[in-house]
Each structure stands twice: as structure tokens, then as C-alpha cells.
Amino acid sequence: MTDTADLAKLFRFVLVRTSHPGNIGSAARAIRTMGFTRLELVAPADFPSREADALAANAVSVLAGAGLHASLVDGLAGATFALGLSARRRGVNLPELTPREGAMQALAAAARGEQVALVFGNERTGLENEELARCHAMVRIPSVEDYSSLNLAQAVQVMAYEQRLAMLGDAPAPAPPEHDEPPADAARMERFFEHLAQTLDDIEFHKGREPTTIMLRLRRLFLRAQPDERELRILHGVLADAQRMASLARRP
Ligand code: SAH
């Protein structure tokens, strides 16, 4: 059986476009109390900051080790399973889980040795659709309808707590690997989606329609499939051939 501390190392908490440095400090403290140490910051408005240090209390080591990234995709590098925390259902048609269900799925992924990301949005605007589209499922803390937004750091606390409970619970028999190979990470998936988008343009798939919705649906389809690197190479090969044929077809 894997140790809780070893499992916890496979988790990262990703805060996207955080406005208030105090929330970053409070989030660091929140995850540290639940045995997690890895914080990734995507385009924070103000960091490093004394306010963040002050609110992190004794968890300043979490802040000192926090990664800084320009984009969510960078913050997800190496992770193969991502949950996006959102107070509201967005345009993206992702499966919606409770924190408990999300924690169980995340634990199952970690038990297979996969890296897991728990992703949190900006205080005012939450996670954008394009950000949620990079996640395998959405987690909504079941707050009341007419006042559904928790403070960011408090949402982090709730999820970190649920994740710890799941890890302390009767450890589920490590789930049998679902794949022979580990699934491709977020960065490789992103390169595939870029190639796919370019190919759809090249073969004139959209015929004047707006590509956003179809791309979100295709993302969802391929994220659900969790292809491994070899499978992605095959798909890249298929796309490259389609592009080649399209360019031949365009020749006079
Ligand atoms: N108006 C924003 C609220 C942002 S609160 C929105 O609708 O999403 C900042 C972040 O805290 C959110 O992006 C989300 O990651 C987390 N959060 C707050 N309340 C939540 C809830 N009820 N369920 C899940 N995540 C929540």
C-alpha cells in the first residue's frame, strides 16, 4: 500500500490569475495543513508579496517552492488528471463532480502513479471556459444557489480536506492501471489540440462556422480517452497526412 505522504506528492494545487496575494498565502496554509506542498501559480497579479507571506503563517516553504507560470498549460505540465473547481456550471459540458467524487477519482489516478492537478480560478471571474476545457472534470462545492462563491482559499481548503479524507479512508485497492502506458501529459495534449485545430482549418472543416464549440467538444472527447504518448504520435501522423493531402488538393 502506498503511503499517504507519497501519494500527496503527486498532487498540485494550481491557482489561476489570482488577484489577491493574501488568498495565495491562505491557500498555501490550507494545503499544508492537509499534507500537500505543491502550489503552482499561473499569472498571479501580485506575487511574491508580504501579504501572501503573512497569511501563509508557517507554510512559507510552500510559497517559496511555488512555481510561477505564464499559462495554465505550463502549470499543468506533467499532470495527466486535472479537476477544475468552479462555483457555476460553465459553457463547457464537462462531467460535474462533488468534491468527494472528485477526490476519489483523483486518488485513483494518483494510486496509478499519475500526477493530479486541482485547479482554482480568479476571485471575481472564476475559471474561463478555455481553462476548464483543459480539465477532465469540474468540481462544484455544493453551496446554495443564490450565493454560491466561496472565498478562493476556503474553496482550496474544502478540496484539500476532501482529498486528505479520501487518502486517509480505507485506501481503495490500488485501481488496476487503465492503460498499458501512462496517459500523455497536459503539454502534449495541448500540442495535439493545436495540431488538430490547424488541421481542421487546413482541410476547411469549419466552412465558415465558428470553431470554438467544436474544438471544446473535441477536447472533451480526447481528454476522456486519455491517450498515451504513442497513441498521440499515431494521431499526429494521421493529422499530418490529412494536411499533406489538403495541400496537394490545393495545388493547381
Ligand atoms: N464568480 C466566480 C467565483 C470565483 S471564486 C465563479 O463563478 O466561479 C474563486 C475560485 O474559488 C473559483 O474559481 C473556484 O475555483 C473556487 N470556488 C469558489 N466557490 C466554489 C464552489 N462553490 N465550488 C467550487 N469551487 C469554488
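As the structure lists them, so they are numbered: ligands from 1, and atoms in each ligand from 1.
Residue pairs that meet the side chain to side chain donor-acceptor pair (under 3.5 Å) test with at least one member in residues 37-48, sequence neighbours left out, are Arg38-Glu40, Arg38-Gln115, Glu40-His69. Residue pairs meeting the ring pair (Phe, Tyr, Trp, His ring centres under 6.0 Å) criterion with at least one member in residues 28-55, sequence neighbours excluded, are Phe11-Phe36, Phe13-Phe36.
Summarising the local packing, CD of Glu204 is surrounded by 12 or fewer heavy atoms from other residues, nucleotides or ligands at distances under 6.0 Å. For Arg209, the CZ atom counts as densely surrounded, since its 6.0 Å shell holds more than 12 non-hydrogen atoms of other residues, nucleotides or ligands. Other residues, nucleotides and ligands contribute at most 12 non-hydrogen atoms within 6.0 Å of the CZ atom of Arg50.
Under a 4.5 Å side-chain heavy-atom cut-off, the cluster of Ile, Leu, Val, Met, Phe, Trp and Tyr residues that includes Phe193 is completed by Met189, Phe192, Leu196, Leu200, Ile203, Phe205, Ile214, Met215, Leu218, Leu221, Phe222, Leu223, Leu232, Leu235, Leu239.
Contact residues for ligand 1 (protein heavy atom closer than 4.0 angstrom to any ligand atom): Leu85, Ser86, Ala87, Arg88, Arg90, Phe120, Gly121, Asn122, Glu123, Arg124, Gly126, Leu127, Val139, Arg140, Ile141, Ser143, Ser148, Ser149, Leu150, Leu152, Ala155.
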